[in-house]
Student: 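A single structure is presented below for examination.
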Amino acid sequence: MMILLLNIDVLNTLVHEKLLFSKKFLDNDSLKNITEGEKINLYPKARQFNDSISLVTHRIENSRQKLLTKIALIIDNSGKNALKPT
């Protein structure tokens with residue numbers, strides 16, 4: 001559970017950093033002739049943000065799936081124990 005929370009904090013930080021970077025970059029007047037999407041993809045730092053965000057999102061999804069599997073097993077075992085004759 002702690003790893004999941006840490007990954008969520010990392011994701012939050014990355015998203016905020018990317019938004020600040022994007023705003024600063026998109027406000028650059030010398031790049032007005034290309035689309036906003038093209039501007040972002042031109043720079044390696046933007047791609048690094050995207051890659052990092054994708055990686056952390058994948059880690060969060062894997063952690064969440066593992067937690068759900070553990071919860072399902074606990075519930076299943078609890079149900080089986082409840083059905084055992086006493």
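All heavy atoms count here, side chains included; hydrogens, waters and symmetry mates do not. Remember, predicted model here, so these are calculated numbers, not experimental data.
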Student: Nearest 0.5 Å, what's the CG-CD1 distance between N12 and I53?
Tutor: 10.5 Å
Student: Okay, side chain of S52, backbone of Q48: is any donor-acceptor separation there less than 3.5 Å?
Tutor: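 Yes, because the side chain of S52 sits within donor-acceptor range (under 3.5 Å) of the backbone of Q48.
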Student: Rounded to the nearest 0.5 Å, what separation is found between the OG atom of S54 and the CG atom of L11?
Tutor: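 Interatomic distance, S54 OG to L11 CG, rounded to 0.5 Å: 10.0 Å.
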Student: What's the spacing between K66 NZ and L68 CG if we round to 0.5 Å?
Tutor: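 It is 12.5 Å, given to the nearest 0.5 Å.
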Student: Could you walk me through whether N81 and K84 pass the side chain to side chain contact (heavy atoms under 4.5 Å, CB included) test, one step at a time?
Tutor: CA-CA 5 Å; N81 288 337; K84 285 183 182 177; 3.4 Å; yes
Student: What's the shortest heavy-atom distance between V56 and N7, and which atoms?
Tutor: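 Closest pair (atom of V56, atom of N7, distance): CG1-O, 3.2 Å.
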Student: Only pairs at least two apart or in different chains count here, so list each ring-ring contact (aromatic ring centres under 6.0 Å, His included) that has a residue in residues 56-86.
Tutor: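 Applying ring-ring contact (aromatic ring centres under 6.0 Å, His included) to every pair that reaches into residues 56-86, excluding sequence neighbours, yields nothing.
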Student: As an exercise, state the distance from CD1 of I71 to CG of D76, rounded to the nearest 0.5 Å.
Tutor: 13.5 Å
Student: According to a 4.5 Å side-chain heavy-atom criterion applied to Ile, Leu, Val, Met, Phe, Trp and Tyr, with indirect links allowed, do L55 and I60 form part of one hydrophobic cluster?
Tutor: no
Student: Is a salt bridge present between D51 and R47, judged by a nitrogen-to-oxygen distance below 4.0 Å?
Tutor: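 Looking at D51 and R47, the cut-off is not met.
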Student: Transitively linked via ILVMFWY side-chain contacts under 4.5 Å: L14 with I8?
Tutor: yes
